[in-house]
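As structure tokens, the structure follows; a few thoughts come after it.
Quantities reported herein were computed from a predicted structural model and do not represent experimental measurements. For reference, positions follow the sequence shown, starting with 1.
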Amino acid sequence: MKVYLKRNKKMFIFIILFSVLTACTGVFVQFLKGSVLDSALNLSINETLLYAVLLFALISVEILFFWLYCKTSNNFVVKCMKALKLDFFSSLLKKDYVGFRNKSEAEYISTYTKSMAVLEQKWFSTLPVFFEILSRIIFVSIGLFILDWRLAIITLFLLSTPIYIPKLIKNKLVKAQNKAVASTEKNIEYFTEWIQAFETIKNFNIVSKIQKMFQGSMQKAVYDDLANRNLNTISRIIMMCISYFSYFIVIAFSAYLVLDGTFSAGDFFIAIGMIDQLSYPLISLSGLVQNIISVKDIAGNVISFSAELPEDDTNNKENKDIETFDEYILFEKIYFSYPDSSEILLNNFNLNLPKGSKTLITGASGRGKSTLLNLLFAYYTPNQGCIKIDGKDLNDINIYDLISIVRQEPHMFADTLRNNLTLYDDIQDDVLIDMLKRVNLVKIANIDDLNKKIELGGKNLSGGEKKRIALARTLLRETSILLFDEPLANLDEANVDSIEDLILSIEDKTIIVVSHHFSANKLNAFDYHIDLDKIFIS
């Protein structure tokens, strides 16, 4: 979190400055209150009026400084949270695909929502308050020493005892906070999964079972959250009891000083005001320390998203020069098995695909069809062998500028049809309309439909329409190599036939199609047909 303090250090300096000025004027206000009371008791009207006017002016100044402190603090918190969220999202986009899939969508969502909210409340919002309260404690303490050193020592000793309570139960506080966050993340993970599986849940009539499972997950999250809140409450109650007991002793000693003749009525009034100003900040300081301690691990987890990325990120294709594809794609003596599996999926696999060729890769599920595409994207590295494009290793090439892919379930953004086609690039409408016609989406090939919004996930589109839109935006990129991962899945017979024809009609591109099946009468349109069932070696 220190990096965000450094980015906004000027603003934070002003926070400290306004905190000091607010605390300083607050102490002078207390002394002026005592002067007003003593002057009134001495029946000095002019002096009383003068002190009253000064008191009013000083209170106004204190309010002004406090307003500036609040305004600056709000800006500080908002800017820090903005920077943190931007860094978090940027770090996600910089991950390679495999690294991204190591965590579930629910974990990312929970971190962006729950963890960020905790950090905002208990870290960034806490820091300005911490310094405001610390400034008040320092200046009020100075004021008490000016008033009477004995009273100052007794007050500081007794009222500061609650500060040490959080440190005594530090481990329990951190453990309770982390447990509550983990339970909430798990609940969000279940929620996300079951929402995505809505059709399956309804179809298999397991609503009541899923409801019970979710209730159990929710009960766990609620229980851990309540335990965390109760532990914090117990800690604060103990601090409150100690604080009130200490407050009683301090007031009793101040009363003794009045009886002893050391204090005037005004001094006693000042002392009570000072103690009031000191007791709450000391209690609050303890709570603020408690907040900062409790989110230490959460802050570390959020920051670790950026730390996970090496400074020299070889997978960051955006840092490489744009390449051209002129000759061939070569898979040479490829041996591959997934990191968590002992099964050799590809054994001495060789393939040479010249530029402009059309290749169909078929085979049963688990044979490695999609794995070949993922290897070509450098999502994984072969255990042995190499993959080259025009003689260059994949790690030395800007893959994303050479290759476009259409997955089995293409993603549709909750945005206009135009932006789903262009993906926020600058492409003329007449080009988009021509492309929609080319992929047989004539019904929506017009300006009005380009401006219509597609719902999240393409809920207002059919499966065939989503595939065609994905194909259209892929062709609009004009990359040299096109990959199709199960493009015929979940389509009716009419759409299957049409999508096949569209793919085969593409000219001047190197095309690789991965599919369980392709119409037998169209196989001759491919230059290469790789049947992994025949070459698979277990």
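Judged by distance alone, with hydrogens and angles left aside, the side-chain atoms of N352 form no donor-acceptor pair with the main-chain N or O of Y328 at under 3.5 Å.
S404 and T474 are not linked by any side-chain donor-acceptor pair at a separation below 3.5 angstrom, with hydrogens and angles left out of the test. Defined by atom type and a distance below 3.5 Å, a donor-acceptor pair is present between the side-chain atoms of D492 and N495. Using a 3.5 Å distance cut-off with no hydrogens or angles, the side chains of S217 and N187 do pair a donor with an acceptor.
The six-membered or imidazole ring of F526 lies near that of F518, with a centre-to-centre distance under 6.0 Å. Note: Y338 and Y380 meet the aromatic proximity criterion, with ring centroids under 6.0 Å apart. Aromatic rings from Y108 and F88 are positioned such that their centres are separated by 6.0 Å or more.
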*Take S498 and R468 through the side-chain hydrogen bond (donor to acceptor under 3.5 Å, both in side chains) test and state the conclusion after the steps.*
CA-CA 10 Å; S498 178; R468 293 170 192 275; 2.9 Å; yes
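The aromatic rings of F12 and F131 stand perpendicular to each other, their planes meeting at an angle above 60°, with 30° marking the opposite boundary.
A salt bridge links K220 with D224; the closest basic N to acidic carboxylate O contact falls under 4.0 Å.
Heavy-atom contacts from other residues, nucleotides or ligands closer than 6.0 Å to CG of D508 number 12 or fewer.
Of the options R407, Q408, H516, a side chain to side chain donor-acceptor pair (under 3.5 Å) to E486 is made by H516 and by none of the others.
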